[in-house]
Structures are given as structure tokens and as C-alpha cells.
Amino acid sequence: MTKPLPSIDAWMREAKADPTAARCGMYLVHNGVVRETPKAEVRGVPTDGVQPGDKVASLVFGYDEAKVEAAIEAARQLPGIFYVRVWLNEGELAVGDDIMFVLVGGDIRPHVIDALQQLVGTLKNECVTERERA
């Protein structure tokens, strides 16, 4: 079971209509997708999921909503960041399914790139659970 996908076009229209839009000179979108190559292979770290050389058939994905909200709020406090929006899927996802969308808007490119990287890292490392299945 997966959640309905958001429209990035709609997200961008909403972001540009937000009162903070006049302060934003850049928006970046991250779209995480289930891949067939296991994390243990691409990251070179041991996992209890699918092993290097095997293929991922699905990913069981979930998240802690309170931790996600805290991560979003922390991103909004970063220098030059004025707009943040996150969508996370859940359940058993197939290869090619969307895992997450993250939109960050801010004043200048370095601030937005850094904020997106920090937020996605926090989401992946502290807020979500992922279990690959062969």
C-alpha cells in the first residue's frame, strides 16, 4: 500500500504563492526512489537487508511523524531558508516507487543546497525505517 503522490507542479505553485516567496531565489526538489541495487552495495556498509550482488525487489518503508516534523522545523531555522515541504511514502514499495519528495526554498544556492542535504540526511538517518527485501 502506498500513499497518493504529490504534484511537484502544485507544490511549486503553492511555494511561489507563499508569503515567503519574495525572499526565495532558489527552490530545490529531492525525489528519492526505490532502486534495485542494495544499500549494502552502493554505500559499502553492512546491512541486515539485501546483500551485495543480489537485487532489491521491494522496500518496507515507514517513519516517525514527530521526528519528521522536528527535522522540518530545524531545516526552517537554517540560514536563508524560507520554505520547506516534505512528503514521505509508507508501506511496501516496489523498485521505481517514490520514497520521498522534499522541497526547500531559500535565498541563495549554497544555503538551499546545504539545507536540502542536511534535511534529507536527517530524514534518512533519524526519522525513517527502511527494510530491503529480495
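Hydrophobic clustering of Ile, Leu, Val, Met, Phe, Trp and Tyr side chains at less than 4.5 Å, counting indirect connections, unites Y63 with V86. In terms of hydrophobic clustering, with Ile, Leu, Val, Met, Phe, Trp and Tyr side chains grouped at heavy-atom distances under 4.5 Å, L93 and L123 are assigned to a common cluster. Both L78 and V68 belong to a common hydrophobic cluster when Ile, Leu, Val, Met, Phe, Trp and Tyr are linked at side-chain heavy-atom distances under 4.5 angstrom. When hydrophobic clusters are built by joining Ile, Leu, Val, Met, Phe, Trp and Tyr residues whose side-chain heavy atoms come closer than 4.5 Å, directly or via intermediates, V29 is grouped together with Y27.
Counting only heavy atoms from C-beta outward, the side chains of N89 and I99 never approach each other to under 4.5 Å. Side-chain atoms of D64 and C127, non-hydrogen and from C-beta on, never get closer than 4.5 Å to each other. Between V42 and R35, the closest side-chain pair of non-hydrogen atoms falls below 4.5 Å. Side-chain contact between I81 and V104 is present, with heavy atoms from C-beta onward closer than 4.5 Å.
Around atom CD of E73, more than 12 heavy atoms belonging to other residues, nucleotides or ligands sit under 6.0 Å away.
Of all the heavy atoms in P52 and A40, the pair that sits closest is CD-CB, 3.7 Å. Residues C24 and F82 share a closest heavy-atom pair of SG-CB, 3.9 Å. Closest heavy-atom contact between L88 and V128: CD1-CG1, 4.4 Å. Taking each heavy atom of V84 and A75 in turn, the nearest pair found is CG2-CB, 4.2 Å. Taking every heavy atom of both residues into account, T37 and E132 meet most closely at O-OE2, 4.4 Å. The minimum heavy-atom distance linking G80 with H111 is given by the pair CA-ND1, 3.7 Å.
Interatomic distance, CG of D48 versus CZ of R131, reported as 4.5 Å (0.5 Å rounding). For the atom pair CG (L103) and CG (N31), the distance works out to 12.0 Å, reported to the nearest 0.5 Å. Going from atom OG1 of T129 over to atom CZ of F61 covers 7.0 Å, rounded to the nearest 0.5 Å. In this structure, the separation between CE on M26 and CD1 on I108 is 10.5 Å, given to the nearest 0.5 Å. How far CG of D54 is from CZ of R133: 15.5 Å, rounded to the nearest 0.5 Å. In this structure, NE2 in H30 is found 5.0 Å from CE in M100, a value given to the nearest 0.5 Å.
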Output a table of donor-acceptor pairs, distance under 3.5 Å, between side-chain atoms of residues 114-122 and any protein atom two or more places apart or on a different chain; print 'none' if there are none.
{"from": "T122", "atom 1": "OG1", "to": "Q118", "atom 2": "O", "distance (Å)": "3.0"}

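Judged by distance alone, the side chain of E41 and the main-chain N or O of G53 form a donor-acceptor pair under 3.5 Å. Looking at E126, its side chain never comes within 3.5 Å of a backbone N or O of K124 through a donor-acceptor pair.
Within the structure, the side-chain hydrogen bond (donor to acceptor under 3.5 Å, both in side chains) test picks out the following pairs touching residues 9-18 (sequence neighbours left out): E14-R85, D18-T20.
Residues near V33 contribute nothing to a hydrophobic cluster around it, because no ILVMFWY side-chain heavy atom sits closer than 4.5 Å to its side chain.
Between W87 and F101, the angle of the ring planes lies from 30° to 60°, which puts this pair in the tilted group.
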